[in-house]
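Keep in mind it's a predicted model, so treat the numbers as computed, not measured. Along the sequence shown, residues are numbered consecutively beginning with 1.
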Amino acid sequence: MNVSIIDDLRKKKILALLKDGQRVDGRALDEPRPLVIDTGVIPKAEGSARVRLGDTEVVCGVKIQPDKPFPDLGDRGIFICTAEVLPLADPNVETGPPNEEVIELARVVDRGIRESHMIDLTKLVLTKDKSVIGIFVDNTVTDYDGNLFDACSYASVASILSCKVPKWEIKNDAPSLVPDSASAPPITTIPVSVTMGRIADTIIVDPNADEWKCMDARMTITTNSEGNICAVQKGGDDGFTFEQLVKCSELSIATGAKIREILKQVPGGNAC
């Protein structure tokens, strides 16, 4: 009972501030939280990154290995992105299989990177229709304070940019690792996701945990290095007007350009 009263008072405060163009943490409406990226945090992974977006923290690792191609995609490598929220990240998280929210999180991050064609998967084929290289990206949320979509996306992109792809040769119809021959992945662009929330009639960028609870609707838009929109995911119980959708698109392009400059500082980020 006390928790619901506190949440109701917090929501009223957030709504009152938004009417005056202010946010509960002092940011501008279109201002994301500070982004800090550290790479190489998992020594045994082919690539890794720790991302802190405000007080939301994600650790991501990349595993690269030979695999069988998907039946209908024998001419390209494999890319799969997963996500997990640890119980220590938030008191409301329980152990067990991923719930719908975590499944959506992984799919949105995966789609944003995949649809941007960040990785040229056609260059990860060892033997067409038989053997390809698979890039598996695993996100683990260690601290939750809202907006996991962007935090996991930035961690995934940073991990991919900084990873090294081992080289395999086909011997006796099987992949054989070539020692000391790892190279940079075939990167074509740097995708950046930007998540916006609508609270009443106000659009905000990168909602924190308190704002997330108050949202009527949310929108995650991913753009590539050219500023073109390549993926969109809408969530929440309500919707957006046409004007609000246009505003979200403009915010995603403008904010994405700023975030992309930070990602370019990651090892391998200057390739695009």
Side-chain angles (χ1 to χ4, degrees), residues 3-4 6-33 35 53-56 58 81 83 85 89-90 92-93 98-113 115-116 139 141 144-154 191-223 227-259:
V3 174
S4 63
I6 292 173
D7 288 344
D8 186 54
L9 291 173
R10 186 178 289 118
K11 182 174 182 178
K12 288 180 179 178
K13 180 180 179 181
I14 289 173
L15 287 169
L17 287 170
L18 288 176
K19 287 182 179 179
D20 294 329
Q22 302 176 38
R23 295 175 72 171
V24 67
D25 57 7
R27 285 182 289 154
L29 300 180
D30 61 351
E31 180 183 357
R33 290 170 293 175
L35 173 62
L53 182 61
D55 288 331
T56 293
V58 177
C81 182
V85 183
D90 185 84
N92 296 317
V93 175
N99 57 27
E100 291 182 2
E101 293 179 351
V102 177
I103 293 172
E104 181 190 20
L105 169 63
R107 288 179 176 176
V108 170
V109 175
D110 185 294
R111 187 188 308 126
I113 295 173
E115 294 303 320
S116 73
N139 289 280
V141 179
Y144 172 75
D145 189 35
N147 192 13
L148 294 180
F149 292 107
D150 293 349
C152 288
S153 179
Y154 304 156
V192 176
S193 78
V194 177
T195 298
M196 293 142 287
R198 179 177 70 77
I199 302 177
D201 294 325
T202 304
I203 304 295
I204 58 173
V205 170
D206 181 26
N208 63 25
D210 288 337
E211 294 170 330
W212 199 271
K213 294 177 182 178
C214 301
M215 292 190 305
D216 298 298
R218 58 174 164 81
M219 181 76 65
T220 300
I221 300 178
T222 301
T223 58
N228 297 321
I229 294 174
C230 48
V232 178
Q233 177 79 3
K234 184 266 177 188
D237 296 329
D238 211 337
F240 294 83
T241 66
F242 177 77
E243 291 75 16
Q244 289 169 340
L245 286 174
V246 171
K247 183 174 183 178
C248 286
S249 300
E250 293 172 344
L251 285 171
S252 70
I253 295 171
T255 305
K258 297 176 183 177
I259 298 295

(message) Nearest 0.5 Å, please: how far is CG in Leu105 from CD in Gln233?
(response) 10.5 Å
(message) Please give me the minimum heavy-atom distance between Ala200 and Leu15, naming the atom from each residue.
(response) CB-CD2, 4.2 Å
(message) Minimum heavy-atom separation for Ser193 and Ser153, please, with both atom names.
(response) OG-CB, 3.4 Å
(message) Please report the interatomic distance CG(Asp150) to OH(Tyr154), rounded to the nearest 0.5 Å.
(response) 4.0 Å
(message) A quick test of your reading: do over 12 heavy atoms of other residues, nucleotides or ligands sit less than 6.0 Å from NZ of Lys12?
(response) no
(message) For a 4.5 angstrom cut-off between non-hydrogen side-chain atoms, does Leu35 reach Arg33?
(response) no
(message) As a test of understanding, state which of Arg23, Arg218, Arg27 forms a salt bridge (charged side-chain N to carboxylate O under 4.0 Å, His left out) with Asp206.
(response) Arg27
(request) Locate the shortest heavy-atom distance separating Gly112 from Cys230; write the atom from each residue and the value. (result) O-SG, 4.2 Å
(request) Calculate, to the nearest 0.5 Å, the distance between atoms CG and CG belonging to Leu251 and Leu29 respectively. (result) 9.5 Å
(message) I need the Asn147 CG to Thr195 OG1 distance, nearest 0.5 Å.
(response) 4.5 Å
(request) Work out which heavy atom in Thr255 is nearest to a heavy atom in Pro32; give both atom names and the distance. (result) CG2-CG, 4.0 Å
(message) Restricting to non-hydrogen atoms, name the atom on Asp145 and the atom on Thr56 that form the minimum distance, rounded to 0.1 Å.
(response) N-OG1, 2.9 Å
(request) With rounding to the nearest 0.5 Å, note down the distance linking CZ in Arg10 to CD in Glu211. (result) 11.5 Å
(request) Taking only Lys NZ, Arg NE, NH1 and NH2, and the carboxylate oxygens of Asp or Glu, determine whether Lys11 and Asp210 approach each other closer than 4.0 Å. (result) no
(message) Check this for me: Asp238, atom CG, are more than 12 non-hydrogen atoms of other residues, nucleotides or ligands nearer than 6.0 Å?
(response) yes
(request) Can you see which heavy atom on Gly239 is nearest to which on Gln244, and at what distance? (result) O-OE1, 4.3 Å
(request) Say whether, by atom type as modelled, one donor and one acceptor occur between the side chain of Asp20 and the main chain of Gln22 under 3.5 angstrom. (result) no
(request) Report yes if the side chains of Thr220 and Val232 come closer than 4.5 Å at any heavy-atom pair, otherwise no. (result) no
(message) When you compare the side chain of Tyr144 with that of Asp55, does any pair of heavy atoms fall below 4.5 Å?
(response) no
(request) With the side chain counted from C-beta on, respond yes when Asn208 and Val24 share a heavy-atom pair under 4.5 Å apart, and no when they do not. (result) yes
(request) Take Val192 and Lys258, measure what side-chain contact (heavy atoms from CB on, under 4.5 Å) needs, and give me the verdict at the end. (result) CA-CA 10 Å; Val192 176; Lys258 297 176 183 177; over 6 Å; no
(request) Carefully, step by step, assess Ile199 and Ile204 under the rule side-chain contact (heavy atoms from CB on, under 4.5 Å). (result) CA-CA 8 Å; Ile199 302 177; Ile204 58 173; 3.8 Å; yes
(request) Report the C-alpha distance between Val141 and Val102 in whole Å, list the side-chain angles of each, state the deciding distance to 0.1 Å, and finish with yes or no for side-chain contact (heavy atoms from CB on, under 4.5 Å). (result) CA-CA 10 Å; Val141 179; Val102 177; over 6 Å; no
(request) Verify, without hydrogens or angle tests, whether Ser252 (side chain) and Val194 (backbone) share a donor-acceptor contact under 3.5 angstrom. (result) no
(request) Give, for atom CZ of Arg198 and atom OG1 of Thr241, the distance between the pair rounded to the nearest 0.5 Å. (result) 8.0 Å
(message) For Cys152, run the side chain to side chain contact (heavy atoms under 4.5 Å, CB included) check against Val85, Val108, Val58 and tell me which one passes.
(response) Val58
